[in-house]
Amino acid sequence: MTTFTTGTDTLTRDALAVLQPGFAGTTAPDWIRRRLGEGLASVALFGRNVTTAEQVTALTAQLRAERDDLLVAIDEESGDVTRLEVRTGSSFPGNHALGAVDDTGLTRGVARELGRRLAECGVNFNWAPSADVNADPDNPVIGVRSFGRDTALVARHTAAYVEGLQSTGVAACTKHFPGHGDTSVDSHHAIPHIDLDATTLHERELQPFRAAIAAGTRAVMSAHIRVPVLDPDRPATLSRRILTDLLRGELGYQGLIVTDGMEMRAISGTYGLEHGVVLAIAAGADAICVGGGLCDEGTVQSLQDALVAAVRSGELPEERLADAAARVRALADWTAGVRRSPAGTVAPEPEIGLVAARRAVTVTRAAAPAPVTGPVYVATFNPAPNIAVGDETPWGVGAELERLLPGTTTGGFTGPGAGEQALKAAAGRRVVAVVRDEHRHPWMREALDTLLAADPATVIVEMGVPQSAPRGAPHIATYGAARVCGVAAAEAVLAG
């Protein structure tokens, strides 16, 4: 093994280069700008950094005044997980809706338009798409973020998404390796276990990642999940067997490996943040995602110090840190080169998201449902949001139906007794009941039972995974809760 003998400056710059931190505010703080001069090569934007597209454009210009080849990352899956449109809802319907349509040309076009908008704002690295096969319908964290439960479908749409996004010069980051779809635990809270045999893992979970690699994905994000058939001891993010032996060795992937958020309890609550970061780089990760929760300079300093100390103690080989930093800089060079090239110009398709959402809608009609012609009461049944989706983004069909049917009113309900509360609030008006993953919430199922028993003409709009049997007059499935899904659903309500 080669031993590097480099100066402290190179070592600290490499330690900074592998970090992808977030920060607070809608302008660049002084400490971030200073760190860019010291070697920081990436920053991450979250919902708290976004007000408008124009503001994001100004923010990224401010950052690039300090470092022109900067990687600006964002978690913009679209659909339910949006940062660029966190306060309004996404203009794109999300993966599950695209999978329901199953038109790879449409998926490629949606990803291309998303990439165009990100590039226009100065964002050049997107932590998307999700390549997880949604094998467990009770999965609390993936759900509509997946293209579906069929492996071949997920693989072809993952590849199309990667191609569309990267045609705009925005690097795709395919996630969550080696596959987060067959879990019933949210890794934001604890370490999920996937007890699969090797054959199932290779034939189901890994196939979409193979497709993404073949499509040229510039980055892959690791999952904080334990897969005993691959490594009985450590979660994927910290596993050399998974990141180096499997992803790099067996699958032949040579791009950037990024961790999922290291503050997530699966890592920070088990290994500690600083030690977890060292273990991740040692295992083969190249970039550390941090900042969804911890977004201060002290976090960056402590992680930089932990990496430098690990090299000096011999726990982390210096050449491994240098290789990781080089891969970060190589991706930054690629994005900068595309950004400066006229070939990176993409024609806008502003309506493609709504077109996709409309095509995804599935309507199941009871016998001769009564048409909706006047004001209704929209009862939205709110499950607790997972951390990836967050609770800032509006969803549902209420606002659109209020616009289309003047006099319509709305209300939100949750938990036991929600159906009775909604009936009382409706005061005899026809109800449009809006749910999200009814199959995962017994209280929600009971609420719909109550509404349908009181009025079989109740319209049901399912904006999550449509796992439960259709019921309602009609039953409308949108395969996601993005703003455009709400628009398409409201149109379907009026169409009967």
Side-chain angles (χ1 to χ4, degrees), residues 79-80 89 93-94 96-97 100-101 144 354 357-383 394-415 417-496:
D80 289 28
H96 210 57
V101 176
V144 294
L354 182 56
R358 286 169 172 159
R359 287 183 63 186
V361 167
T362 300
V363 181
T364 305
R365 293 178 175 85
V372 175
T373 57
V376 295
Y377 185 79
V378 181
T380 302
F381 295 97
N382 296 295
W395 70 283
V397 301
E400 189 64 13
L401 284 176
E402 286 177 344
R403 185 182 71 82
L404 294 172
L405 297 171
T408 289
T409 55
T410 65
F413 308 90
T414 190
E420 289 84 355
Q421 295 168 31
L423 271 180
K424 183 178 180 181
R429 286 169 289 176
R430 188 172 182 184
V431 174
V432 175
V434 186
V435 296
R436 205 169 181 173
D437 293 342
E438 178 202 343
H439 68 283
R440 293 202 302 113
H441 305 284
W443 67 265
M444 197 181 288
R445 184 161 49 252
E446 292 169 6
L448 294 189
D449 290 342
T450 299
L451 293 174
L452 288 166
D455 183 3
T458 297
V459 178
I460 296 176
V461 180
E462 169 61 88
M463 304 194 78
V465 177
Q467 183 72 17
S468 295
R471 52 190 178 145
H475 180 281
I476 299 164
T478 62
Y479 301 87
R483 177 178 56 80
V484 286
C485 295
V487 171
E491 293 171 350
V493 168
L494 269 64

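Closest approach of A482 to P93, counting heavy atoms only: CB-CA, 4.1 Å. Residues V361 and A492 approach most closely at CG1-CB, 4.2 Å, considering heavy atoms. Here the closest non-hydrogen pair linking P466 and A477 is CB-CB, 4.0 Å. Between A447 and G419, the shortest heavy-atom distance links the atoms CB-N, 3.6 Å.
At a threshold of 4.5 Å between non-hydrogen side-chain atoms, the residues L401 and T410 do not count as touching. V493 places none of its side-chain heavy atoms less than 4.5 Å from the side chain of V397.
The list of ring-ring contact (aromatic ring centres under 6.0 Å, His included) pairs with a residue in residues 476-496, not counting sequence neighbours, reads H96-Y479. For residues 452-464, there are no salt bridge (charged side-chain N to carboxylate O under 4.0 Å, His left out) pairs, not counting sequence neighbours. The salt bridge (charged side-chain N to carboxylate O under 4.0 Å, His left out) analysis of residues 424-435, with sequence neighbours excluded, yields no pairs. Judged as a salt bridge (charged side-chain N to carboxylate O under 4.0 Å, His left out), the pairs with a partner in residues 478-496 (not counting sequence neighbours) are, in order, E85-R483, R358-E491.
Of the inter-residue distances, the one linking D80 atom CG with M463 atom CE reads 8.0 Å to the nearest 0.5 angstrom.
Screening V376, L448, L452 against T458 for a side chain to side chain contact (heavy atoms under 4.5 Å, CB included) leaves a single residue, L452.
The side chain to side chain contact (heavy atoms under 4.5 Å, CB included) test applied to T380 returns V378, N382, W395, V434, not counting sequence neighbours. With sequence neighbours left out, A422 forms a side chain to side chain contact (heavy atoms under 4.5 Å, CB included) with A379, F381, F413, L451. Residues passing the salt bridge (Lys or Arg N to Asp or Glu O under 4.0 Å) test with R403, sequence neighbours excluded: E400. With sequence neighbours excluded, no residue forms a side chain to side chain contact (heavy atoms under 4.5 Å, CB included) with A399.
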Sequence neighbours excluded and cut-off under 3.5 Å, please list the side-chain donor-acceptor pairs for residues 363-374, or say none.
from: R365; atom 1: NE; to: G496; atom 2: O; distance (Å): 2.6

Using residues 467-476 as the side-chain source, report each donor-acceptor pair under 3.5 Å to any protein atom, sequence neighbours left out, with the distance given to one decimal.
from: S468; atom 1: OG; to: H439; atom 2: N; distance (Å): 3.3
from: R471; atom 1: NH1; to: D449; atom 2: OD1; distance (Å): 2.5
from: R471; atom 1: NH2; to: E438; atom 2: OE2; distance (Å): 2.7
from: R471; atom 1: NH2; to: R445; atom 2: O; distance (Å): 3.3
from: R471; atom 1: NH2; to: D449; atom 2: OD1; distance (Å): 3.4

